[in-house]
Amino acid sequence: MELRNVYTFIRAAELKNFSKTADLLGYAQSTVTMQIHQLEEELGKPLFDRLGRTVSLTTFGEACLPLARKLYATAQEMQSLNLEPAELTGTLRIGVVESLFVSDFLQVISRYQSQYPNVLLDLHMASSLEICDLLSTNKLDIGYHLMDGNDFPDLLHLHQMHSEAVFVANQNHPLSAATTHSIQEILRENFVLTEEISVYHRALQKVLYAQNLKIKERIRLKSTRGIIDVLKYSGGISFLPRYSITEDVTQGFLKIIPCSIPSIPVTVTLSVHKEKWISPQMQGFIHLLKDTKL
């Protein structure tokens, strides 16, 4: 049994499209079709139902998929037994929420590159929900997100770090003094916020809804870095994870605005799929993440 045929089968099962599989693997579509046919010939049953341009797993194919993943993972593990980190190759697909790109997460990338110089880091910036969905379909190897760990039972949660979301403004904002302000006082200001799909934005809206309060949202940006830059040159207020603003607060560009409402927690979760083999490339990155403090 050709290992490359097994890998092509795994990817085709995930993408449900031979053409997209060919593009991903750098093959001609005819090559993907031939490899799947060879595997089906060896196994004696069809793995896919072909309906026009789309394909779907047969019952037999569904039963073979987890075994194929184990077979391919075992082969990878055997090949990497005697390799040093600097000798490892391949691609590591990592999903990260955008707010982490302005934290110490960037230092993890730098350290990983120095230890694993031949591994390609394929970074996907997405929402927490999107990252968990991609992990569930094996389109990512590692996910670093803000979702509740119980929402996706097919994911294995390896590590969690805890922070909180805070109100933040320009260092010269009238409310940036050290005194604690009421939520009503803060809500009189104009807000610069992330998209509503963000976990901490929804948590704040829930608290305000319970008190029949509303935010005066004047600017909405998907980029946390963009929000921070806007705050530096405007009189607005935002609500962001503390880890995302630590550097700018330390440098004196921004100040946290103390508020009387209870703290809103933000939990950063490191996840993989339960059935996925933790390769040496993944182990190295996971180890560095666990050693990082937000």
Side-chain angles (χ1 to χ4, degrees), residues 6-17 20-26 57 65-66 68-77 80 88-113 115-116 118-161 195 197-199 222-224 241 266-290 292 294:
V6 174
Y7 185 66
T8 298
F9 164 60
I10 294 169
R11 288 297 186 225
E14 292 167 355
L15 297 174
K16 298 180 175 60
N17 186 293
K20 291 180 179 179
T21 302
D23 290 340
L24 176 68
L25 300 180
L57 287 171
L65 183 58
R69 285 174 174 157
K70 289 180 182 178
L71 175 62
Y72 187 74
T74 300
Q76 285 185 305
E77 188 172 6
S80 63
L88 292 171
T89 60
T91 300
L92 189 57
R93 304 167 299 168
I94 305 169
V96 189
V97 288
E98 197 268 347
S99 62
L100 284 163
F101 274 86
V102 292
S103 72
D104 288 342
F105 175 79
L106 295 176
Q107 297 180 21
V108 173
I109 295 175
S110 177
R111 292 200 298 271
Y112 187 86
Q113 286 180 313
Q115 295 179 31
Y116 298 81
N118 295 312
V119 176
L120 171 64
L121 291 180
D122 187 2
L123 300 173
H124 295 253
M125 192 185 302
S127 71
S128 294
L129 181 60
E130 290 169 334
I131 289 170
C132 290
D133 283 338
L134 291 170
L135 284 171
S136 296
T137 54
N138 198 36
K139 293 176 183 175
L140 290 175
D141 300 311
I142 297 172
Y144 212 37
H145 58 88
L146 308 180
M147 292 295 291
D148 186 334
N150 297 322
D151 293 338
F152 291 84
D154 57 344
L155 299 184
L156 178 63
H157 310 294
L158 301 176
H159 185 60
Q160 288 189 325
M161 288 180 285
E195 55 186 347
I197 196 172
S198 72
V199 173
K222 186 174 183 180
S223 167
T224 304
V266 175
T267 301
V268 182
T269 302
L270 173 64
S271 302
V272 299
H273 196 284
K274 283 183 176 179
E275 295 183 2
K276 193 167 189 68
W277 170 59
I278 309 297
S279 68
Q281 293 89 332
M282 293 173 63
Q283 290 174 12
F285 202 88
I286 291 167
H287 177 74
L288 290 175
L289 283 176
K290 286 184 176 182
T292 301
L294 296 179

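One-based numbering along the sequence shown. In this text, all values refer to a predicted model and were calculated from it rather than measured experimentally.
Atom CG of Leu146 is separated from atom CD of Gln160 by 10.5 Å, given to the nearest 0.5 angstrom. Rounding to the nearest 0.5 Å gives a distance of 8.0 Å between CG of Leu155 and NZ of Lys274. Within the model, atoms CG of Leu65 and CZ of Phe9 stand 5.0 Å from one another, a figure rounded to the nearest 0.5 Å. Atom CD1 of Ile94 is separated from atom CG of Leu270 by 9.5 Å, given to the nearest 0.5 angstrom. Distance check: Ile109 CD1 to Leu123 CG gives 5.0 Å after rounding to the nearest 0.5 Å. With rounding to the nearest 0.5 Å, the separation of NE2 in His159 from CD1 in Ile286 is 11.0 Å.
Applying the salt bridge (Lys or Arg N to Asp or Glu O under 4.0 Å) definition to pairs two or more places apart or across chains, those involving residues 138-147 are Arg93-Asp141, Asp141-Lys276.
A side chain to side chain contact (heavy atoms under 4.5 Å, CB included) with Leu15 is found for one member of Thr21, Ile10, Thr137 and no other, namely Thr21.
Contact record, His124 with Leu140: CD2-CD2, 3.4 Å, taken as the closest heavy-atom pair. Here the shortest heavy-atom pairing between Met282 and Val272 reads CE-CG1, 3.8 Å.
Residues passing the salt bridge (Lys or Arg N to Asp or Glu O under 4.0 Å) test with Arg11, sequence neighbours excluded: Glu14. Taking Tyr7 as the reference, Tyr72 meet the ring pair (Phe, Tyr, Trp, His ring centres under 6.0 Å) condition, with sequence neighbours excluded.
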> What's the verdict on side-chain contact (heavy atoms from CB on, under 4.5 Å) for Thr269 and Met147, showing C-alpha distance, side-chain angles and the deciding distance?
Replying inline: CA-CA 7 Å; Thr269 302; Met147 292 295 291; over 6 Å; no

> Can Thr74 and Trp277 be said to form a side-chain contact (heavy atoms from CB on, under 4.5 Å), step by step?
Replying inline: CA-CA 8 Å; Thr74 300; Trp277 170 59; over 6 Å; no

>> Please determine whether side-chain contact (heavy atoms from CB on, under 4.5 Å) holds for the pair Leu106 and Phe101, giving the CA-CA distance in whole Å, both sets of side-chain angles, and the decisive distance to 0.1 Å.
In response: CA-CA 6 Å; Leu106 295 176; Phe101 274 86; 3.8 Å; yes

> Given the rule in the side-chain contact (heavy atoms from CB on, under 4.5 Å) test, do Tyr144 and Ile131 qualify, once you have shown the distances and angles that lead to the verdict?
Replying inline: CA-CA 8 Å; Tyr144 212 37; Ile131 289 170; over 6 Å; no

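Residues Ser271 and His157 have side chains that bring a donor and an acceptor to within less than 3.5 angstrom of each other. A donor-acceptor contact under 3.5 angstrom links the side chains of Asp154 and Ser136, judged on distance only.
Ring pair Tyr112/Tyr116 is parallel by interplanar angle, where below 30° counts as parallel and above 60° as perpendicular.
The main-chain N or O of Thr89 is found under 3.5 Å from a side-chain atom of Gln281 such that the two form a donor-acceptor pair. Using modelled atom types, one side-chain atom of Glu98 and one backbone atom of Thr224 make a donor-acceptor pair closer than 3.5 Å.
Phe285 is listed as a side-chain neighbour of Leu92, based on a closest heavy-atom distance under 4.5 Å.
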